[in-house]
Amino acid sequence: MAQNQFLKVPLSMPDQGQHLRLVSGALNNTIDGKLNSTGSITLTANQTSSTLTDARVGANSIILFMPTTANANTAKANLYVSARANGTATLTHASSGNTDQTFGYAIFG
């Protein structure tokens with residue numbers, strides 16, 4: 001799982017002014033598209049499936065992929081999410097000996 005890039009805001013704080021500043025910062029980041037919903041995965045070489053383990057994945061999540069290497073760009077035509085559950089997704093893909101089929105991903109929902 002990717003590390004959160006942006007601070008989480010606590011539900012409450014004794015200093016209401018500081019809390020409001022944190023909430024405003026988080027909201028402005030969201031408006032600017034800065035979300036804690038991204039990561040990267042490299043497909044398992046010589047296999048037809050790979051497991052994406054990320055606590056943010058749920059049974060109804062939408063997962064989008066972006067190839068970040070030339071070999072991943074070739075592999076994207078045969079990549080799909082074949083199963084989702086809390087914390088994990090199964091990615092099905094063509095078998096390849098390439099060890100650099102790396103994708104960035106974003107999770108929604």
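The structure displayed is predicted, hence computed values, not measured ones.
- Every side-chain contact (heavy atoms from CB on, under 4.5 Å) that Ile31 has, sequence neighbours left out, goes to Leu27, Asn28.
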| Can you check side-chain hydrogen bond (donor to acceptor under 3.5 Å, both in side chains) on Thr102 and Asp100, steps first, answer last? | CA-CA 5 Å; Thr102 303; Asp100 68 337; over 6 Å; no
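- In terms of hydrophobic clustering, with Ile, Leu, Val, Met, Phe, Trp and Tyr side chains grouped at heavy-atom distances under 4.5 Å, Leu64 and Leu35 are assigned to a common cluster.
- Arg56 has a carboxylate O that lies under 4.0 Å from a charged side-chain N of Asp54, or vice versa, which qualifies the two as a salt bridge.
- Distance check: Phe103 CZ to Leu79 CG gives 5.0 Å after rounding to the nearest 0.5 Å.
- With no hydrogens or angles considered, no side-chain donor-acceptor pair links Ser12 and His19 at under 3.5 Å.
- Between Thr90 and Ser50 the shortest side-chain heavy-atom distance does not fall below 4.5 Å.
- Two residues are said to be in side-chain contact when any heavy atoms from C-beta on lie closer than 4.5 Å; Tyr80 and His93 fail this criterion.
- No more than 12 heavy atoms of other residues, nucleotides or ligands shown are found within 6.0 angstrom of CG on Asn60.
- In terms of hydrophobic clustering, with Ile, Leu, Val, Met, Phe, Trp and Tyr side chains grouped at heavy-atom distances under 4.5 Å, Leu20 and Val9 are assigned to different clusters.
- Note that CD1 of Ile41 is 11.5 Å distant from OG1 of Thr68, once rounded to the nearest 0.5 Å.
- Looking only at side-chain heavy atoms (C-beta outward), Phe65 and Val81 come within less than 4.5 Å of each other.
- Remark: of the listed residues Thr44, Asn71, Asn73, Asn71 is the sole one forming a side-chain contact (heavy atoms from CB on, under 4.5 Å) with Gln101.
- Tested against Leu91, the residues Ile63, Leu43, Thr48, Thr51 include a single side-chain contact (heavy atoms from CB on, under 4.5 Å) partner, Leu43.
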